[in-house]
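Atom set for the values below is all heavy atoms of this structure, side chains included, hydrogens, waters and symmetry mates excluded.
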Amino acid sequence: MNLVHSGKVRDVYDAGDDLLLMVTSDRLSAFDVVLAEPIPDKGRVLTALTAFWLDRLTDIAPSHLVRIEDEGEHAGRAMLVKRAQMLPIECIVRGYLSGSAWNEYRRNGTMHGQPLPPGLQQSDRLPEPVFTPSTKADVGLHDENITVEQAVALVGQRTADEAAAISLAAYQRAADDAAAHGIIIADTKFELGWIDGKLSICDEVLTPDSSRFWEAADWKPGTVPPSFDKQPVRDWLESTGWDKNPPPPSLPPEVVEATSARYVAAYERLSGQLLSDWPGVQR
Ligand SMILES: Nc1ncnc2c1ncn2[C@@H]1O[C@H](COP(=O)(O)OP(=O)(O)O)[C@@H](O)[C@H]1O
Ligand SMILES: [Mg+2]
């Protein structure tokens with residue numbers, strides 16, 4: 001199959017007949033650098049979570065998923081999907097004030113150009129979840145936060161409205177589910193595209209790589225809650241004094257193992273299922 005795209009974490013192949021095969025590797029990026037050591041089962045966790053959420057969201061929008069590859073070396077970490085005409089925006093929804101949104105608020109009192117109430121703290125819960133789009137930058141560049149008006153200029157009013165409605169409904173459903181399991185979804189990024197004339201949910205969905213998951217018990221406004229999945233790696237990298245330019249130091253086996261366990265826990269807590277039941281998993 002022809003490789004059509006190779007990202008930091010995933011490889012996408014042309015599978016013919018307007019289908020794509022998306023293969024999710026075990027690669028992990030931290031501080032924007034891909035680490036040398038694979039994290040066992042990370043690719044399967046991301047794939048399993050995407051499949052789990054898409055199944056929970058079918059009444060909100062159609063999706064690109066055709067089936068999960070369940071045999072061979074890519075069992076459980078490759079998805080056959082319908083090729084979509086992707087929107088040129090990323091559909092972010094934020095329920096909490098963090099990351100680039102917090103940085104903007106601290107400077108200007110706004111989030112993606114939209115005023116917010118004064119006096120909010122870092123990691124605060126927003127009065128309500130907000131659709132906060134960004135551009136989809138070319139390889140090597142960073143996505144840029146934009147206003148809803150700028151998104152309208154890129155995709156048109158009706159598509160922007162529909163994308164916002166789908167994204168907000170999907171976030172709300174997932175955030176409520178996750179809250180019932182003690183996990184906060186602070187924010188998440190959807191990628192939508194047109195398939196057979198319908199705006200559909202594509203790409204990875206509500207994974208640790210596309211979302212900020214926090215342990216609800218660790219959440220405290222005014223602080224940065226530990227990242228559910230990457231914290232052991234981040235903490236260890238910080239402890240080495242690495243300057244965050246490649247190449248990164250190589251991770252000790254216990255950090256690799258702790259990180260893998262966190263990814264598995266994220267899947268098992270959110271889905272209520274065992275990763276050992278997922279195709280290709282040997283544990
Ligand atoms: N159903 C689909 N049809 C076409 N393109 C898709 C579909 N689902 C996801 N994509 C695109 O495939 C690419 C996957 O790349 P990814 O591995 O996430 O790397 P990166 O995000 O680093 O570019 C993204 O550009 C995404 O927009
Ligand atoms: Mg991506």
F228 vs D218, test: side-chain contact (heavy atoms from CB on, under 4.5 Å). Steps then yes/no. CA-CA 10 Å; F228 196 100; D218 292 340; over 6 Å; no
Could you go through I166 and E162, starting from their C-alpha distance and side-chain angles, then the distance that decides it, and tell me whether this counts as side-chain contact (heavy atoms from CB on, under 4.5 Å)? CA-CA 6 Å; I166 290 171; E162 203 186 337; 4.2 Å; yes
Determine whether H5 and Y13 satisfy the following criterion, side-chain contact (heavy atoms from CB on, under 4.5 Å), listing intermediate values before the conclusion. CA-CA 7 Å; H5 178 92; Y13 298 88; over 6 Å; no
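Donor-acceptor pairing under 3.5 Å is lacking for the side chains of E204 and T24. Neither side chain, N108 nor E104, offers a donor N or O lying under 3.5 Å from an acceptor on the other. A side-chain N or O of R94 and one of H112 form a donor-acceptor pair less than 3.5 Å apart. In this model, no donor atom of one side chain and acceptor atom of the other lie less than 3.5 Å apart for S134 and N145. Between the side chains of D161 and Q157, at least one donor N or O lies within less than 3.5 Å of an accepting N or O.
Heavy atoms from other residues, nucleotides or ligands lying under 6.0 Å from CG of N2 number 12 at most. Annotation for R269: atom CZ counts as buried by contact number, over 12 foreign heavy atoms lying within 6.0 Å. Enclosure of atom CG in D59 by more than 12 non-hydrogen atoms of other residues, nucleotides or ligands within 6.0 angstrom is indicated. By the neighbour-count criterion of 12 heavy atoms within 6.0 Å, atom CG of D196 is sparsely surrounded, having that number or fewer from other residues, nucleotides or ligands.
Contact check for P133 versus V148: side-chain heavy atoms found under the 4.5 Å cut-off. S200 places a side-chain heavy atom less than 4.5 Å from the side chain of P62.
Remark: side-chain polar atoms of R212 are not paired, donor with acceptor, to backbone N or O of Y96 under 3.5 angstrom. Side chain of H64 to main chain of D203: a donor-acceptor pair is present (N/O by atom type, distance under 3.5 Å, no hydrogens or angles).
Separation of atoms CD (E149) and CD (Q114) is listed at 6.5 Å; rounding is to 0.5 Å. Taking CD1 of I183 as the reference point, atom CD of E215 lies at 6.5 Å (rounded to 0.5 Å). Rounding to the nearest 0.5 Å gives a distance of 9.5 Å between CG of L206 and OH of Y171. A distance of 7.0 Å separates SG of C202 from CG of L192, quoted to the nearest 0.5 Å. With rounding to the nearest 0.5 angstrom, the CG atom of L251 is 9.5 Å from the OG1 atom of T240.
Through chains of ILVMFWY side-chain contacts below 4.5 Å, M111 is grouped with L97, W102, Y105, L116, L120, L126, V130.
K244 and E238 are joined by a salt bridge, as a carboxylate oxygen and a charged side-chain nitrogen come within less than 4.0 angstrom of each other. A salt bridge links K136 with E191: at least one charged nitrogen is closer than 4.0 Å to a carboxylate oxygen.
Hydrophobic clustering (side-chain heavy atoms under 4.5 Å, transitive across Ile, Leu, Val, Met, Phe, Trp, Tyr) keeps L199 apart from I195.
Of all non-hydrogen atoms in L21 and A15, the two that sit nearest each other are N-CB, 4.2 Å. In this structure, A164 and F131 approach most closely via the heavy-atom pair CB-CD2, 3.5 Å. The heavy-atom pair separating V255 from P232 by the smallest distance is CG1-O, 3.9 Å.
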For residues 39-52, which side-chain donor-acceptor pairs fall under 3.5 Å, sequence neighbours excluded?
{"unit_1": "D41", "atom_1": "OD2", "unit_2": "R283", "atom_2": "NE", "d": "2.8"}
{"unit_1": "D41", "atom_1": "OD2", "unit_2": "R283", "atom_2": "NH2", "d": "3.2"}
{"unit_1": "K42", "atom_1": "NZ", "unit_2": "R27", "atom_2": "O", "d": "2.8"}
{"unit_1": "K42", "atom_1": "NZ", "unit_2": "D209", "atom_2": "OD2", "d": "2.9"}
{"unit_1": "R44", "atom_1": "NE", "unit_2": "A75", "atom_2": "O", "d": "2.7"}
{"unit_1": "R44", "atom_1": "NE", "unit_2": "P279", "atom_2": "O", "d": "3.4"}
{"unit_1": "R44", "atom_1": "NH2", "unit_2": "A75", "atom_2": "O", "d": "3.0"}
{"unit_1": "T47", "atom_1": "OG1", "unit_2": "G43", "atom_2": "O", "d": "2.7"}
{"unit_1": "T50", "atom_1": "OG1", "unit_2": "L46", "atom_2": "O", "d": "2.9"}
{"unit_1": "T50", "atom_1": "OG1", "unit_2": "V205", "atom_2": "N", "d": "3.2"}

